[in-house]
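Structure, as structure tokens:
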Amino acid sequence: MKNKKTTDIRTLKKKAIKIRKDILMMLEKSGSGHTGGSLSLVEILVALYYYKMKHDPRNPGWQGRDRLLLSKGHGCPALYAVLADCGYFPREELWGLRKLGSPLQGHPQLGLQGIEISSGSLGQGLSIANGMALANRIDRINPKIYCIMGDGETNEGQIWEAAMTASHYGLSDVCGIVDFNKLQIDGFCCDVKGLEPYAKKWQSFGWHTLEIDGHDFKALINALDEADKVIDKPKVLIAHTVKGKGVSFIENRVEWHGIAPKKDELEKALTELNEELKKC
Amino acid sequence: MQEELKKKPTRDGAGEALLELGRKNKNVVVLSADLTDSTRAGWFKKEFPERFIGFGVAEQDMLGTASGMALSGKIPFACTFGVFASGRAWDQVRVSVAYMNLNVKIIGTHCGVTVGEDGATHQAIDEIALMRILPNMKVVVPADAIEAYKATMQAAECDGPVYLRLGRQAAPVLTKAEDPFIIGKAVLYRDGKDVTIIACGHSLYEAKKAHEKLKEEGIEARVINLHTPKPIDRKLILAAARETGAIVTVEEHTVLAGMGSAVCEVVSQEYPVPIKMVGIKDVFGESGKSMELLKYFNLATEDVVRAAHEALDAKKHR
């Protein structure tokens, strides 16, 4: 039995709010972690796990499953919350985030059900995605390999080595997704090291690009489906997002990159999210 | 009477093994970063082009891709020069390979100073250290082409990552096809009771010659071929410490954190005896001819003999 697909936008929106609440609760309990870059990822992950990907929480090792590689490993609270909600492991595990002995390490570690790669040192996921696609080509199977990168992460040279490899070998099963939230630890990406013209960079490396609002489910669903139609080259979704999305006092604030909410901040954030839920 | 030894590069032994593995195991794939002929990966490429992946000059990407292939059930052999397989791609080896304990086999050729004229940037003299400090990683330094063949075949069979350290130049063939070779199990190459010389890779030849010179002086030197610096064979090393009471280590590598240091870690904690280390003394390499460089860096037979005398002296004055 595979996962159930959802196309109902309202259901997906409610799911995203639930995931955001779990992320903030996990982070508050752990006392540390990456809030901004977890919140920006939520719709992307929800669209993948509840709409797009073939996966089976009861059979996580199924060879034909689509893969999600979180190359920007610091966004793992979002992935953990989604995996728990899908049933890969009990939700109670979430509250052990970053604690000694917990499989929910500060950055993802292979071994936790549903986690496909260990990551955290940035820039490494896209090469791994290519390796999976190349192995699948030999085995004549074609699950999709999704690789989520941060915008700042693409400062890393290895990303561009991998970008060349994917287009050279025509790895059309590889779909990169850039969580383009415009901020990195040192400030705005454009001030730290300009990325523009961003889509053109990927295009010139031989990739098909799709540029969308990364919080708009309709756009995400359309782009993920559109990507399937490109069968001769790798593709990348440049998903424009807001760092800290969903909580007014966290959105677009660079200082929220690597800190967790305190008790009162959590209460305030949950109140905001509950209000949002009522509007759904 | 000196016997004439056949010479063959260790990279050739590994290249032949890769071909054999290609025929035997359809999951074996070979990855190369533009040094396809130099590393002998080209021999596999010619027969199995569909299982060969070239990366151009991109070692970090190659190691990451190897990780993804291993995660999807393949047994990738990533081939490049030792300097680039280790230092250049070290974080990829650390996070994408060793941390996940994946079945990635890394072939580093052109190791040691004997690679010669290319000089310091191309001489891998620190990668035993870089690889050995990574959890899950096995480090194998074959003494000759026959051992390189066996090590490559066994690397494909064993679980987890393996680093194989190979050389460029034709090196004396010191072992026989029928000799036992097991990754992790050191070999008693020559017996002796006065002092033990522990060597790996090409340095086993210097150890062998030192053994012969010392014999002329009436000194019986034991020689151990420690072809696997990790996991280290504590048993054979500790027996040598107990039975001979003095040790010399020989490696074409820095004395910092290499094979000799691995021996010291065992001996100093479990059965301390005097140890003298023959290796490169915290400096970079140089251009030159192989034999010139061995002498320049004090890695030649006479250096091993001198170290043996020093170890024997230290043993006497304990």
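Just so it is clear, the model here is predicted, and its values are computed rather than measured. In what follows, every chain begins at residue 1, and chains take the letters A, B, ... in the order their sequences are listed.
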Query raised in the report: So do the side chains of B:Lys74 and A:Asp139 get within less than 4.5 Å of each other, counting heavy atoms only?
Result: yes
Query raised in the report: With distance as the sole criterion, is a donor-acceptor pair present between the side chains of A:Asn130 and B:Thr65 under 3.5 Å?
Result: no
**Report entry** Side-chain heavy-atom pair A:Ile117, B:Met100 within 4.5 angstrom cut-off
**Finding:** yes
Query raised in the report: Say you draw a straight line from CZ of B:Phe55 to CE of A:Met164; how long is it, rounded to the nearest 0.5 Å?
Result: 12.5 Å
Query - Min side-chain heavy-atom separation A:Leu110-B:Leu71 under 4.5 Å - result: yes
Query raised in the report: Is it the side chain or the backbone of A:Glu116 that comes within 4.5 Å of chain B heavy atoms, both, or neither?
Result: backbone
Requested in this report: With side-chain contact (heavy atoms from CB on, under 4.5 Å) as the test, would you mind laying out the steps for B:Met69 and A:Met132 before giving the verdict?
Outcome: CA-CA 5 Å; B:Met69 296 193 88; A:Met132 290 177 170; over 6 Å; no
Requested in this report: Could you tell me whether B:Lys45 atom NZ has more than 12 heavy atoms of other residues or ligands within 6.0 Å of it?
Outcome: no
Report task. Taking atom CD of A:Gln63 as the centre, report whether more than 12 heavy atoms of other residues, nucleotides or ligands fall under 6.0 Å from it. Result -> no
Query raised in the report: Take atom CZ in A:Arg65; do more than 12 heavy atoms of anything else shown fall under 6.0 Å from it?
Result: yes
Query raised in the report: Of the non-hydrogen atoms in A:Glu161 and B:Glu59, which two are nearest, and what is the gap between them?
Result: OE1-N, 4.4 Å
Report summary line: Per-residue tally against chain A (heavy atom, under 4.5 Å) across B:Gly68, B:Ser67, B:Gly54 peaks at B:Gly68
Query raised in the report: What's the spacing between B:Gln92 CD and A:Gln158 CD if we round to 0.5 Å?
Result: 4.0 Å
Requested in this report: To the nearest 0.5 Å, tell me how far A:Gln124 CD sits from B:Asp91 CG.
Outcome: 5.0 Å
Query raised in the report: Does B:Arg132 CZ have over 12 foreign heavy atoms under 6.0 Å away?
Result: yes
Query raised in the report: Do you know which of B:Gly64, B:Gly56, B:Ala66, B:Pro76 has the most heavy-atom pairs with chain A at a distance under 4.5 angstrom?
Result: B:Gly64
Query raised in the report: Above 12 or not: heavy atoms from other molecules or residues under 6.0 Å from CD1 of A:Ile231?
Result: no
**Report entry** From CG (B:Asp61) to CD1 (A:Ile159), nearest 0.5 Å
**Finding:** 9.5 Å
Query raised in the report: Run the side-chain contact (heavy atoms from CB on, under 4.5 Å) check on B:Ser96 and A:Ile128 step by step: do they pass?
Result: CA-CA 8 Å; B:Ser96 290; A:Ile128 301 178; 3.5 Å; yes
Query raised in the report: Could you go step by step and tell me if B:Glu50 and A:Ile138 meet the side-chain contact (heavy atoms from CB on, under 4.5 Å) rule?
Result: CA-CA 8 Å; B:Glu50 72 290 350; A:Ile138 293 169; over 6 Å; no
Query raised in the report: Is it the case that more than 12 heavy atoms not belonging to B:Lys185 sit under 6.0 Å from its NZ atom?
Result: no
Query raised in the report: To the nearest 0.5 Å, how far apart are OG in A:Ser118 and CG in B:Leu102?
Result: 8.0 Å
